[in-house]
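The structure under discussion appears below in the form of structure tokens.
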Amino acid sequence: MSGVASAPVLDVDEVSVSFGGRSILDHVSFAVHRGEFTGLIGSNGAGKTTLLRSILGLQRLEEGEIRVEGEPLSRHRHALGYVPQKVLLDPDIPLRARDFVALGLNANRYGFSRRTPAQRDRVEQILRDVDAERFADSRVGSLSGGEQQRVLIAHALVSEPTLLLLDEPLANLDPRSVQEIVALLHSVAKEHHVAVLLSAHEMNALLPVMDRIVYITNGRAASGTTEEVVRSDVLSALYGHHVDVLKLHGRVLVVAEPGQDDAEIPEHPTLTVN
Amino acid sequence: MRYLFEPGFFSSGPVHVAVTVGAVSALVSAFVGVFTVMRGQSFAGHALTDVATTGGSGAFFFNFSPLLGFLGAGVLGAGAMDLVGVERLRGRDIATGVVLGFATGLAALFLYLDATKNATTGVSQQILFGSIFTLNSSTIPLVVGMSVITLGVLALIYRPLLLSSISPDLAGARGIRVRLVGVLFMLTLAVAVGLSSIAIGSVLSTALLIGPAATALRVTKNLRAALVVAPILGVVATWLGVVLAYDSFYWFPSSQGLPVSFFIVTLIFLGYLVSGLPALRRRTSSPVATAPAREFKGVPV
């Protein structure tokens, strides 16, 4: 790979966030590159959503910096595609899936503009890529959870971002849809050469496809490959108390000893294994 | 056709004014109404009509143009609702209700004072239910001007507005100023309400805002189609209402016509009912027929 390709699309650098007097993120650092599939894994309350919001510029940083394509976010907003967690798609909204995806092309543009043939082709292409053609003419609100997720992904992808952020896209999906969406996102990362960062509270569905993992607990994070991070010694240092990592039938289980209080974290620098 | 248009209809001055003001306000109401219904802000729209009542009745009392009263109060009300309220749905409802309560109380005061001041109860009828045939043709330039501006603003913001109506999160992440777009929309809503208040009265202007829009959203598949159908329904109902009200002068021996607003609102309501018939027939004849498409493939999605 050339030197240019190794420059990260997203660079999170010693980011700390706190509000209400509580520290939510504590010197979190990691980087994501084009074509990489990165899982942000942590339980509820670990700081995943705050981290994603910080990346999106919706949350002020106490310390540290977040760079997109080497520069502050404001200069590269168009490089971000975002799939938020709970998008209430009301059945009454008069928007077909196709129209909603097309909206991703120019939603932030004011005034009138006709859709060009090139734009129309782009929409069709994206719908094909996410396998959403068969319901492209249905109202977005009448789609199932998995179908809506595809449409949301298409909406985020249509403007050709270099970084795709997804906030818990697999929650509330049935197991089959989880598999399908994970496979879709993996192919998006590889074939569209996009950096994919998604958050989840369970890593098992992602193990086959994750290139890198950012494991976050209580606002502290360790990042690297799954072999490097999902280990008893690394996670124990992260949690601040001993945890065992069990691997069975290709799945992972992280178990703490009974009676452990996760809130007691001794002072440790951020663990960036790579 | 001779039976539809009673003598003197096409040459009547008040009819010209009614037809013009009615059509313009129906047009604006329909466009704004489609977005209102889509954003789930029908309640806010209705609350603004009550605020407009305050403006109209106050205008009468303080002796200035009711149109300015309706418009001014609507704009102030929209601003107040934005200040008091919050982006979250429940906060918005509460804020709306609070403003509505106060405005209606003021309206009651003004209408009472109007009645005692003018020794006539005709003012209430005019403000609440409109009297389109007594409008002065001098209101037309202002009505048309405000409409053009309002539709222009709507055309300008409709895409960011659409996305922030679907998902404020998504819109915010795209760099859209969700709050600004929301406030601008509330202002277009205030103007739409003000204009239709002058035509069919503040109490009934909700019908012109919500009715054609809701009907259009029911029968069309996408937004563009809804934005074509809704204004057509609104204008047709308005014009037909004017015709019927004019004709009604000739129906009764005492030569007293029925109010235009009543006809317009009834026609809108009938339109909405009729648009619901196909769905009703489908539901009662074959209970299984409405199964969603995803079950055809035999695969859970």
Side-chain angles (χ1 to χ4, degrees), chain A residues 52-53 55-58 73-74 77-78 80-90 92-96 98-100 102-113 131 134-135 137-150 152 155-156 159 165 167 173-177 180, chain B residues 34-40 42 88-89 151-178 180-181 184 213-230 290-297 299-301:
Chain A
L52 283 178
R53 286 175 58 85
I55 297 172
L56 288 165
L58 300 173
L73 169 68
S74 48
R77 266 206 183 278
H78 57 91
L80 282 181
Y82 176 48
V83 177
Q85 191 174 17
K86 280 184 274 253
V87 180
L88 274 171
L89 291 180
D90 201 291
D92 289 332
I93 294 181
L95 222 53
R96 298 173 304 179
R98 178 174 277 120
D99 298 328
F100 179 63
L103 199 57
L105 279 173
N106 53 13
N108 53 349
R109 220 82 61 74
Y110 292 92
F112 267 143
S113 65
D131 194 24
R134 52 205 157 95
F135 45 83
D137 282 316
S138 312
R139 280 201 176 182
V140 284
S142 63
L143 301 175
S144 73
E147 291 168 342
Q148 278 190 8
Q149 207 63 275
R150 286 177 195 274
L152 285 168
H155 171 96
S159 53
L165 292 170
D167 192 354
L173 289 183
D174 61 277
R176 190 195 160 112
S177 298
E180 291 175 357
Chain B
V34 167
F35 283 97
T36 307
V37 171
M38 206 176 44
R39 286 166 70 80
S42 303
R88 278 190 294 273
L89 209 61
L151 289 179
V153 168
L154 203 59
L156 203 67
I157 65 171
Y158 94 96
R159 248 191 310 261
L161 180 66
L162 186 54
L163 190 58
S164 41
S165 309
I166 296 171
S167 168
D169 274 343
L170 258 181
R174 292 290 294 257
I176 294 175
R177 315 261 301 275
V178 174
L180 173 65
V181 168
L184 283 177
T215 309
L217 285 170
R218 247 193 191 179
V219 304
T220 57
K221 249 202 154 174
N222 62 353
L223 184 65
R224 206 157 288 167
L227 288 173
V228 168
V229 171
T290 48
R294 62 183 186 263
E295 282 168 21
F296 276 163
K297 317 284 177 176
V299 202
V301 180

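A note on names: the letters A, B, ... follow the listed sequences, proteins ahead of strands, and every chain is numbered from 1. Bear in mind that the values here come from a model prediction, so they are computed numbers and not experimental data.
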Is it the side chain or the backbone of [X] that comes within 4.5 Å of chain B heavy atoms, both, or neither?
X	result
Asp167(A)	neither
Leu80(A)	neither
Leu105(A)	backbone

Check: Asn222(B) main-chain N/O paired with Arg96(A) side-chain donor or acceptor under 3.5 Å: no

So, Arg174(B) side chain and Gly104(A) main chain: donor-acceptor pair closer than 3.5 Å or not? yes

Report yes if some heavy atom in the side chain of Ile166(B) is under 4.5 Å from a heavy atom in the side chain of Leu103(A); otherwise report no. yes

In terms of heavy-atom proximity below 4.5 Å to chain A, should Ile176(B) be classed as side chain, backbone, both, or neither? side chain

Is chain A contacted by the side chain of Ala226(B), its backbone, both, or neither, given a heavy-atom distance below 4.5 Å? neither

Among all residues two or more places apart in sequence or in another chain, which pass the ring-ring contact (aromatic ring centres under 6.0 Å, His included) test with Tyr82(A)? none

Please find the pair of heavy atoms, one from [X] and one from [Y], that lie closest to each other, and give the distance.
X	Y	value
Pro94(A)	Met38(B)	CD-SD, 3.3 Å
Arg139(A)	Thr220(B)	NH2-O, 2.8 Å
Val181(B)	Tyr110(A)	CG2-OH, 4.0 Å

Closest-packed option against chain A by number of heavy-atom pairs under 4.5 Å, given Gly175(B), Ala171(B), Ala225(B): Gly175(B)

I'd like to verify something: which residue of Gly152(B), Pro160(B), Ala155(B) has the highest number of heavy-atom pairs under 4.5 Å with chain A? Pro160(B)

How long is the gap from NE2 on His155(A) to CG on Leu163(B), to the nearest 0.5 Å? 5.0 Å

Measure the CD1-CG distance between Ile93(A) and Leu223(B) for me, rounded to the nearest 0.5 Å. 10.5 Å

Exceeds 12 heavy-atom contacts within 6.0 angstrom, atom CZ of Arg77(A): yes

